[in-house]
Amino acid sequence: MTKTQSFTKYIRQRFYNELFKALQDDVTSQKEHECSLYDMEVKSVRINDEVGMKLHFDVIVEATYQLTDETESPRLKWYQIFCRGNLEKELADFEVLSIEDYHGRREMHHPLSDKLIPIIKKEEFDTLSEDFLRAYYPEMLEKPQALNPFRLVERLNLTLSMRHLTEDGVIFGQIYFKAATGKFYSADKKQTYELPVEAGTIFIDPESYALRNLGSVNNTIVHECVHWVKHRKAFALKRLLQENLEELSCQGANGKGSSQSEEMSWMEWQAAQLAPRIMLPREMFKQKAEQLIREQREKTGHAILEVIGTVIDALAEFFGVSRLSAKIRLADVGYSAAVGAFDYIDGKYLRPYTFKAGSLKQNQTFSINLSDAAMLPFINQDFADTIAFSRYLYVESHFVLNTPTFLEDFHGWLRLTDYARHHMEECCLIFELHAKTKSGDPHSFDEFILNRDENAPFEFEIKFHQGYENTGSEKQRAYLETIRHEQMEVYNSLTNDWCECLEKVRHWREMTYQEIADKILMNERQVRRIFHGQSGKIESLVSICLALKLPPEISEHIISHSSCALNLTNTEHQWYHFVLMYYYGRNLEETRAFLLEHHAPL
């Protein structure tokens, strides 16, 4: 048989004669006058998933028939042929159930694609995960509890085994859909070897326990079980099409868009979506989350934002899942505070934050890293205009409106106020994130946006959300306009004499030479000499601009007209430029610590 690529083509090739005969019999029996089926073309096949390996499918055909007592041309008509068969029997039990005139596609309750992959809309995943649990683990829907993956394996009549799968540990789990010869890796002998494997065997690499957490390993086992229930038919079709495919591997970063074939990627995506929902059924998870939040708030007296991290970890431990799974599910059931928990950016976790529901789309964020923050003004003019003249400061990995309502001095360090952390939509710029694996493969799944953990296998491309500007209240806008107007007046009064400009901004900030000297760790005489153009290095001039907390435009004007301009091909100077743009409102000690961390001492 010629190798085909779809169920429709397979049915058309293998069962054309059976379909033709069934339709011919039906046409003959339904006509008042004697007629004969002249020709038939299979147009499409629509498939409904059934229990086990059974299928019900509608074959849509265009028939050409001829009435024997008429001289007119043959007539065309469309029919719908209802069929069934069992893939476990390789469709040897194929049967035509009935035939009707075609009046449009009928609804399929569990539709399969032409490659026999389930057709699942994102909003259906919770319902499907509950259907899965009703069939194989109903007690999970009765009260909050942890799913035992080993018990699930037993109930599906599968076998679980621990073996090293690859040398580099990139494959966490693997399931075999038919008996085959499996390839494994011996850590002792440092070589691959082969063993016979029975159908329905799941292999988990024991390195998963060392490289990941128990919750992630549990998720991998459930993930493979989902493949067995949902994707056996797709693999059975491939075997019918004489394709040599025996097993499916679960790698570290699954998802549509990987180097796998499109159908393989869809199956990985579906299993990746269903597995955590099976382990965390919506209503039971929400019930436990509400209990833990209530207990933590009563115990500590804190708002939900201050206890959300503890709750996420408690949920992860209770249900036997990873912290990331618990975080994603908590956000999914309506707790926006979970989105701002355990964000890991530039080598540290951010303080948690929350915002009004609906403020962010699933691929948007308030938080960006240093490198993106430094580059955006050069590649996006809208962004550059938005942050001009101190309207926004880069604080705690967010661009925040520069007002006392949202920013405060905490022991000399600038940080978000508690009000800001509870109302991020009022004070922070929004950015769009696009996830990709560190190997370079793009991913399209919204859940990856929440995976900004220390061990996340993703990098993110970030774009300024075009045209977006927070306006805040009338009082905030008035405050910002006053500040901006004052800064513009100073900026417009500057001349090309940089020493004269330095004196002007010193008087504007009402600081003495000695006060500046104390901040930049120099003596007063040295500072006076710099102000009079008699000495000074770029480091000293940058320090003075930061001590005076000058807006970027004013600092840039002074430095560009001085005798020691920035050289942006120099790595240290790039960081000086960064702090002049984004750290000008901060304590100089904090800025020095930041620069020292990036090997650009000031």
Side-chain angles (χ1 to χ4, degrees), residues 373 376-378 380-395 399-409 414 420 426-429 467-520 527-528 530-533 536 538 540-566 576-588 591:
L376 274 173
F378 299 103
N380 190 305
Q381 189 58 46
D382 284 348
F383 176 77
D385 294 342
T386 299
I387 65 169
F389 285 98
S390 311
R391 190 174 182 198
Y392 288 86
L393 293 183
Y394 182 66
V395 181
F399 277 97
V400 189
L401 278 171
N402 184 14
T403 77
T405 302
F406 305 123
L407 294 173
E408 65 182 2
D409 184 284
L414 199 62
E426 293 184 20
C427 60
C428 292
L429 292 179
Y468 179 88
E469 289 185 34
N470 290 298
T471 55
S473 66
E474 288 295 332
K475 186 177 180 180
Q476 298 297 334
R477 285 200 299 274
Y479 175 87
L480 289 168
E481 282 302 313
T482 300
I483 296 297
R484 183 177 183 276
H485 180 72
E486 179 185 348
Q487 292 174 348
M488 283 296 295
E489 280 192 339
V490 174
Y491 179 76
N492 290 331
S493 70
L494 298 179
T495 68
N496 291 336
D497 185 331
W498 67 279
C499 294
E500 181 181 317
C501 293
L502 273 181
E503 280 296 334
K504 185 181 291 291
V505 294
R506 183 178 70 82
H507 287 293
W508 175 44
R509 290 307 196 199
E510 299 180 347
M511 290 184 69
T512 66
Y513 292 123
Q514 185 61 59
E515 288 172 334
I516 294 172
D518 291 341
K519 284 182 175 294
I520 68 173
V527 171
R528 285 181 180 273
I530 294 171
F531 268 73
H532 290 89
I538 185 62
S540 301
L541 195 52
V542 169
S543 294
I544 289 173
C545 289
L546 292 170
L548 291 168
K549 297 185 177 179
L550 300 180
E553 291 80 4
I554 294 177
S555 293
E556 181 182 5
H557 180 91
I558 293 172
I559 292 174
S560 65
H561 287 87
S562 74
S563 58
C564 47
L566 287 168
Y576 296 156
H577 180 265
F578 180 88
V579 295
L580 286 168
M581 289 187 65
Y582 301 133
Y583 270 55
Y584 53 88
R586 303 187 184 213
N587 180 287
L588 196 52
T591 305

>> Please report the interatomic distance NE2(H557) to CG(L550), rounded to the nearest 0.5 Å.
In response: 11.5 Å
> What pair of heavy atoms forms the shortest contact from L588 to K519, and how long is it?
Replying inline: CD2-O, 3.2 Å
>> To check you understand the geometry: which heavy-atom pair defines the closest contact between H532 and C499, and what is its length?
In response: C-SG, 3.7 Å
>> To check you understand the geometry: which heavy-atom pair defines the closest contact between Y491 and E553, and what is its length?
In response: CE1-O, 3.6 Å
>> Using side-chain contact (heavy atoms from CB on, under 4.5 Å), reason through I559 and I538 one step at a time and then give a plain yes or no.
In response: CA-CA 8 Å; I559 292 174; I538 185 62; 3.8 Å; yes
>> Between Y584 and L393, is the side-chain contact (heavy atoms from CB on, under 4.5 Å) condition met? List the steps.
In response: CA-CA 8 Å; Y584 53 88; L393 293 183; 3.1 Å; yes
> Going by the angle between their ring planes, with limits at 30° and 60°, are F399 and Y394 parallel, tilted or perpendicular?
Replying inline: tilted
>> Distance check, rounded to the nearest 0.5 Å: L566 atom CG versus H577 atom NE2?
In response: 7.0 Å
> Considering residues at least two apart in sequence or located in another chain, which fulfil the side-chain hydrogen bond (donor to acceptor under 3.5 Å, both in side chains) criterion with H561?
Replying inline: N496
> Would you say I544 and F531 make side-chain contact, with heavy atoms under 4.5 Å?
Replying inline: yes
> So with a 6.0 Å cut-off around CD of E556, is the heavy-atom count from everything else above 12?
Replying inline: no
>> Please enumerate all residues that pass side chain to side chain contact (heavy atoms under 4.5 Å, CB included) together with E486, with sequence neighbours excluded.
In response: W508
> Hey, does the side chain of R509 reach the backbone of K549 with a donor-acceptor pair shorter than 3.5 angstrom?
Replying inline: yes
>> For Y392 and V400: C-alpha separation, side-chain torsions, deciding distance, then whether side-chain contact (heavy atoms from CB on, under 4.5 Å) applies.
In response: CA-CA 5 Å; Y392 288 86; V400 189; 5.6 Å; no
> Do the side chain of N380 and the main chain of L376 share a donor and acceptor less than 3.5 angstrom apart?
Replying inline: no
> Which residues satisfy the side chain to side chain contact (heavy atoms under 4.5 Å, CB included) test with T495, sequence neighbours excluded?
Replying inline: D497, E500, C501
> If every non-hydrogen atom of M511 is compared with every non-hydrogen atom of L548, which pair is closest and at what distance?
Replying inline: SD-CD2, 3.7 Å
>> Within this structure, what is the OH-CD1 distance for the pair Y513 and I530, rounded to the nearest 0.5 Å?
In response: 11.5 Å
>> I need the minimum non-hydrogen distance between D409 and L414, along with the two atoms involved.
In response: N-CD1, 4.5 Å
>> Please find the pair of heavy atoms, one from I520 and one from S543, that lie closest to each other, and give the distance.
In response: CG2-O, 3.5 Å
>> Does L502 form a side-chain contact (heavy atoms from CB on, under 4.5 Å) with L541? I'd like the steps, not just the answer.
In response: CA-CA 10 Å; L502 273 181; L541 195 52; 4.0 Å; yes
> Is there a donor-acceptor contact under 3.5 Å from the side chain of Y582 to the main chain of A373?
Replying inline: yes
